[in-house]
S.K.: 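After the structure tokens below, expect a handful of questions from me.
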Amino acid sequence: IVREFAASKTENAQGKNGSEPSMIKVLSVACGPAMELYEILQERGDCGKYHFSLLDQDRQALLEAADSVERIEGRLEADVSVDFVNESVRTMLVTRELQERWGEFDFVYSMGLFDYLTKPVAIALLRKLYNLVLPGGKMVIGNFAYDNPTGHYMAYWMDWPIIYRTEEDMLELGSKVGSVKSYLHRDDTGIQMFLHIEKQEAHG
């Protein structure tokens with residue numbers, strides 16, 4: 001998804017002024033080991049396209065993310081532009097001006113956090129994160145689907161209780177951000193849903 005966004009942004013920039021866009025700023029919330037970076041950064045030239053802010057409240061997760069980055073740098077023989085943010089959901093909710101603290105981003109995503117958030121907290125956090133998205137940027141939020149056929153196994157045998165949501169639940173979350181363009185898609189398994197929220201470009 002991040003690579004598709006970057007390709008679209010590059011095409012739009014070239015169409016408008018014929019120049020390459022600036023580095024795309026990406027925020028991963030509850031990043032974990034950041035394994036998706038292996039898919040985003042496939043070639044040496046990719047390292048110059050992105051700046052990543054990897055956020056997690058677990059220091060061990062950030063150490064694992066740093067290990068992922070180091071491995072990618074070794075494989076591609078190029079430096080990855082990245083910073084590591086050790087913060088929690090509570091910090092995000094109580095901090096008034098997150099933009100001043102973390103900056104703003106072209107692309108914000110979270111794949112493993114909202115499954116644990118109640119509806120009021122999810123809405124509050126979604127609004128906070130949306131405020132970090134630059135005009136023309138995008139936010140993608142993942143959540144396990146309510147009709148996940150492995151849900152009972154995950155809850156009872158793996159001791160992994162999470163909050164499942166329906167497609168209607170996810171679209172409702174998107175509607176709480178305000179008058180924005182949002183849509184939903186599922187991965188190939190149908191188990192994971194992704195809520196896409198786009199911020200319109202500023203005009204005038």
S.K.: If we ignore hydrogens and angles and just use 3.5 Å, is the side chain of R186 paired with the main-chain N or O of A145 as donor and acceptor?
M.R.: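 Between the backbone of A145 and the side chain of R186 there is no qualifying donor-acceptor contact (under 3.5 Å).
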S.K.: Where do L126 and L173 come nearest, in terms of heavy atoms and distance?
M.R.: CD2-O, 3.3 Å
S.K.: List the atom pairs, donor and acceptor, that lie under 3.5 Å between side-chain atoms in residues 63-70 and the rest of the protein, sequence neighbours left out.
M.R.:
residue, atom, partner, partner atom, Å
D67, OD2, R71, NE, 2.9
S68, OG, P33, O, 2.7
S68, OG, E64, O, 3.3

S.K.: Could you name each residue pair satisfying side-chain hydrogen bond (donor to acceptor under 3.5 Å, both in side chains) that touches residues 93-104, not counting sequence neighbours?
M.R.: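 Those involving residues 93-104 are E87-R101.
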S.K.: Please check if L55 and Y130 belong to a single hydrophobic cluster, counting links between Ile, Leu, Val, Met, Phe, Trp and Tyr side chain heavy atoms closer than 4.5 Å.
M.R.: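 Yes, it is one cluster - the side chains of L55 and Y130 are joined through contacts under 4.5 Å.
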S.K.: Apply side chain to side chain donor-acceptor pair (under 3.5 Å) to K119 and list each qualifying residue two or more places apart in sequence or on a separate chain.
M.R.: E172
S.K.: Between A78 and R44, what is the shortest heavy-atom contact and its length?
M.R.: CB-CG, 3.7 Å
S.K.: Mind checking side chain to side chain donor-acceptor pair (under 3.5 Å) for E73 and listing every partner two or more places apart, or none if nothing turns up?
M.R.: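 Result, side chain to side chain donor-acceptor pair (under 3.5 Å) vs E73: none returned.
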S.K.: Is a donor on one side and an acceptor on the other found under 3.5 Å between the side chain of D83 and the backbone of H51?
M.R.: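 Not confirmed, D83 side chain does not pair with H51 backbone.
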S.K.: With sequence neighbours excluded, tell me which residues meet side chain to side chain contact (heavy atoms under 4.5 Å, CB included) with A7.
M.R.: none
S.K.: Sequence neighbours excluded, which residues qualify as side chain to side chain contact (heavy atoms under 4.5 Å, CB included) partners of V89?
M.R.: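 Applying side chain to side chain contact (heavy atoms under 4.5 Å, CB included) to V89 gives M92, L93, L113, V121, L125.
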S.K.: State whether the number of non-hydrogen atoms from other residues, nucleotides or ligands found under 6.0 Å of K176 atom NZ is greater than 12.
M.R.: no
S.K.: Please report the interatomic distance CD(Q42) to CZ(R3), rounded to the nearest 0.5 Å.
M.R.: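 So the gap between those two atoms works out to 4.0 Å.
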S.K.: I'd like to check the ring pair (Phe, Tyr, Trp, His ring centres under 6.0 Å) partners of F84; sequence neighbours left out, ordered by chain and number.
M.R.: none
S.K.: Excluding sequence neighbours, so at least two apart, what forms side chain to side chain donor-acceptor pair (under 3.5 Å) with D79?
M.R.: none
S.K.: Of all residues at least two apart in sequence or in a different chain, which pass the ring pair (Phe, Tyr, Trp, His ring centres under 6.0 Å) check with Y183?
M.R.: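 For Y183, the residues satisfying ring pair (Phe, Tyr, Trp, His ring centres under 6.0 Å) (neighbours in sequence not counted) are H196.
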S.K.: Among all residues two or more places apart in sequence or in another chain, which pass the ring pair (Phe, Tyr, Trp, His ring centres under 6.0 Å) test with F52?
M.R.: Y50
S.K.: With D58, which residues qualify under side chain to side chain contact (heavy atoms under 4.5 Å, CB included), at least two apart?
M.R.: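 Residues passing side chain to side chain contact (heavy atoms under 4.5 Å, CB included) with D58: D56, Q60, A61.
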S.K.: Treating D106 as the side-chain partner and K25 as the backbone partner, does any N or O pair qualify as donor plus acceptor under 3.5 Å?
M.R.: yes
S.K.: For residues M139 and V133, report the shortest heavy-atom separation together with the two atoms involved.
M.R.: CB-CG2, 4.2 Å
S.K.: Side chain to side chain donor-acceptor pair (under 3.5 Å) with T189: which residues, sequence neighbours excluded?
M.R.: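 Once residues adjacent in sequence are excluded, the partners of T189 under the side chain to side chain donor-acceptor pair (under 3.5 Å) criterion are D187.
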S.K.: Restricting to non-hydrogen atoms, name the atom on L132 and the atom on G103 that form the minimum distance, rounded to 0.1 Å.
M.R.: CD2-O, 3.6 Å
